[in-house]
There are 2 protein chains.
Amino acid sequence: MELSERKLKILRAIISSYIQEGEAVGSRTISKKHNMGISSATVRNEMSDLEELGYLIQPHTSAGRVPTDKAYRLYVNGLLKSTSVSKYSEQINRILQEEINEMNSFIKNSARILSNFTHYTSFAMTPQLRESRLKHIQLVPVSDNKILLVIVTENNIIKNVVFKMSSPIPHDQLNRISNLLTVKLSGVKLSMLNRELQNEILREIHSIRESFDEKLDELMVLLMNTANQYEKVELYYDGLTNILNYPEYSDTNKAKELLSFVEDRESFTKALLNVEGKDLSILIGKENEFEQIKECSIVTATYKLNGIIIGKVGLIGPTRMDYKNVISMVKSLSFNINKLINENYTDTKRSETDG
Amino acid sequence: MELSERKLKILRAIISSYIQEGEAVGSRTISKKHNMGISSATVRNEMSDLEELGYLIQPHTSAGRVPTDKAYRLYVNGLLKSTSVSKYSEQINRILQEEINEMNSFIKNSARILSNFTHYTSFAMTPQLRESRLKHIQLVPVSDNKILLVIVTENNIIKNVVFKMSSPIPHDQLNRISNLLTVKLSGVKLSMLNRELQNEILREIHSIRESFDEKLDELMVLLMNTANQYEKVELYYDGLTNILNYPEYSDTNKAKELLSFVEDRESFTKALLNVEGKDLSILIGKENEFEQIKECSIVTATYKLNGIIIGKVGLIGPTRMDYKNVISMVKSLSFNINKLINENYTDTKRSETDG
DNA sequence: CTTAGCACTCATTAAGAGAGAGTGCTAACA
DNA sequence: TGTTAGCACTCTCTCTTAATGAGTGCTAAG
């Protein structure tokens, strides 16, 4: 059933009042404060209808009414189309630039910005690099049998891992091996660094120099293992304690339950996997799979590199969330992240060869 | 005034009861449950004395008594001497080893262990490297005008920073420059990388090759700036939400106040600076400088490299803290951190030349 | 269809009455 | 002189009751 214009207007008024005040909204409030031009009794009739349609519920008989998840969904769907980029967009851009040189700091910074501007609890995932291609490999001596492997991808993202070799490796060979590996592996996707490729390359190397380095075999194995770990993304939070600002969580046990769920990266990451990979995606209340966050909403945006989604940023808060502000904030943030990433981390070689 | 043996025994009984139960302790409880062999009336007299001496207070007339900070201090001083390493020491060692290869992960892991074992909120500072000496410098090409600077110290700790140069730098020169910088700067303390040294080295380099690289000047400046940032230590937390387990913080506002203080790294870092650099140090309640944590205790241990304190780990919780368990846990942890760091990150070159 | 009016519901608050825990003091006892 | 039993007293906590007030649903009139 389609809602009449007046019902919609009343529903929207109830929702924004509830979002602001956090208390059940009565018919008189709507009739008076929102300049409806209709009496409270009329509003009551409409509200009664809206309740029957599943958009409102009463916490108890003599209380006002509270929007349901269904109502928020309707409200949010309307906002998604209309809401534009926040007026803070330029300021966000400026703050983001401060940490542009290092990807992880950049992502951490993104989370901080989001929680600072919205006063909700924010999160940001570091980029997933499976589709990235290797550009440069450099081995750096650390100690007798420890070496540092530095990998630079074509989109200028850096990863490094320390290896402990079974026995010392001559330092003067490291540059030579680095060059060899760079030549052999540049252009290869991280996700392609598997056993077959490894054997193939080893064969090729062996064919060139019979006894090049017995170390190389071991190194390659370590390299492959590292590459596979790249799928592990990190999750940064900011403003965890912001949750305690909202009366919904004035009960410590409730706050504890939610905060523990979020603080435990494993569980929360699972919850985030359920979020669709749309540019902007919102899960409201019971739309969330996990019990602990069924009274929360999660707003998530993606960021892309060369058109491929590589990460997500967003925030979590009570279903009674200031969606309007949040949506424009998250939109601005992801817009700027995308812009800066594609300016600074774009796949230089590919963009020359592919298009 | 020296406390009599009996007063001490009663005080200890009150403290451990209060630590366990979290409720004011009455004379009857002590007399009955702790096998004192004296009546509650006698205990009452003693408690009255203890109150006068400042070791106990009554929340209100008809309540039992609660230990003061002074009492905890007495109690803790006793424990510090006697408490030995935890029975979980080996388990801790095993978990620590899992992340031994990378210093930051290692420290993060330390914080996690501490909060998991104690159920308090833990923290760990990454090492401060001012006294470390450079061992190896490697420049890695990232993109046309971005390069990665990797620094390895003599104690095998790795730091890396991405630079954006004002104009492209030829990649084939990077190894040459790396070697040059390594030769010139190895053995130099990070804290010594200042302007004078920079000029001296530049002069020296210029004298060798008149027009070596006009880039080198710029690079050196960036290198110095980076070196100065090494004093910036990172602070990792774990178990922030554990604070909510304790009835002291069942009031959300109180919890919020404390959690915000801790979550705001800046303020909390300041608080930690006040902690003495002893092997194990405890600040109880009002001994803390900042208002927000005057009802908390902070237990901190240091970790060293080559005999120099380079970082701290510890935890924060209500003054009614299970000091016995906490102390043995923190002792075990710092013991194992020290052991593993000195096994894996020891200053190889120095130990050969210096000692 | 809208609205004024009114009875009704239910959460929230305040006040009052016990109950219970624990103390301080006194007097008796070893 | 130190210890203990006994008892009055204090103060918190909990439960009950009553009053308040916000808000609804229904009815009847406009």
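Computed from a prediction, not measured in an experiment: that's the story for all the values here. Every chain is numbered from 1 and lettered A, B, ... according to where its sequence line falls, protein lines coming before strand lines.
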Tell me which of A/Asn45 and A/Thr29 sits closer to the 5' end of DNA chain D, going by the nucleotide each one is nearest to.
A/Thr29

Is there a donor and acceptor pair, one atom on the side chain of A/Ser62 and one on the base of C/dC10, closer than 3.5 Å?
yes

Categorize B/Ser27 for me: base, sugar-phosphate, or nothing, with a 4.0 angstrom heavy-atom threshold over every strand shown.
sugar-phosphate

Could you check how far NE2 of A/His60 sits from C1' of D/dG21, rounded to whole Å?
11 Å

Name the closest nucleotide to the B/Arg44 side chain, picking from D/dC26, C/dG24, D/dT10.
C/dG24

Does CD belonging to A/Glu263 count more than 12 external heavy atoms closer than 6.0 Å?
yes

d(CE, B/Met36; P, D/dT4) in whole Å
13 Å

Check this one for me: any side-chain N or O of A/Ser39 less than 4.0 Å away from OP1 or OP2 of C/dT3?
yes

Nearest-Å distance for atom pair CD1/C1', residues A/Ile10 and C/dT2:
12 Å

Do A/Ile30 and A/Ile38 have side chains that get closer than 4.5 Å, going by heavy atoms?
no

So with a 6.0 Å cut-off around NZ of B/Lys324, is the heavy-atom count from everything else above 12?
no

Just by distance, do the side chain of B/Asp69 and the backbone of B/Lys286 share a donor-acceptor pair under 3.5 Å?
yes

Between D/dT3 and B/Arg6, is there an OP1 or OP2 to side-chain N/O distance shorter than 4.0 Å?
yes

Assign B/Thr42 to base, sugar-phosphate, or nothing according to its heavy-atom contacts below 4.0 angstrom with the strands shown.
base

To the nearest angstrom, the CD-C1' distance between A/Glu52 and D/dT24 comes to 15 Å

Roughly how many Å is it from CD1 in A/Ile57 to P in D/dG23, rounded to a whole number?
16 Å

Specify the residue among B/Ile38 and B/Thr61 whose closest nucleotide of DNA chain D lies further upstream toward the 5′ end.
B/Ile38

d(CD, A/Glu46; C1', D/dG25) in whole Å:
15 Å

So what does B/Arg65 hit on the nucleic acid, given a heavy-atom distance under 4.0 Å: a base, only sugar-phosphate, or nothing?
sugar-phosphate

Polar contact flag, side-chain donor to acceptor under 3.5 angstrom, B/Ser89-B/Ser86:
no

Between B/Glu51 (CD) and C/dG22 (P), how many Å, whole number?
15 Å

Selected nucleotide, minimal atom distance to A/Met47 side chain, candidates D/dT24, D/dT4, C/dG24:
D/dT24

Starting from P on C/dG5, measure out to CZ on A/Arg28 and report it in whole angstrom.
12 Å

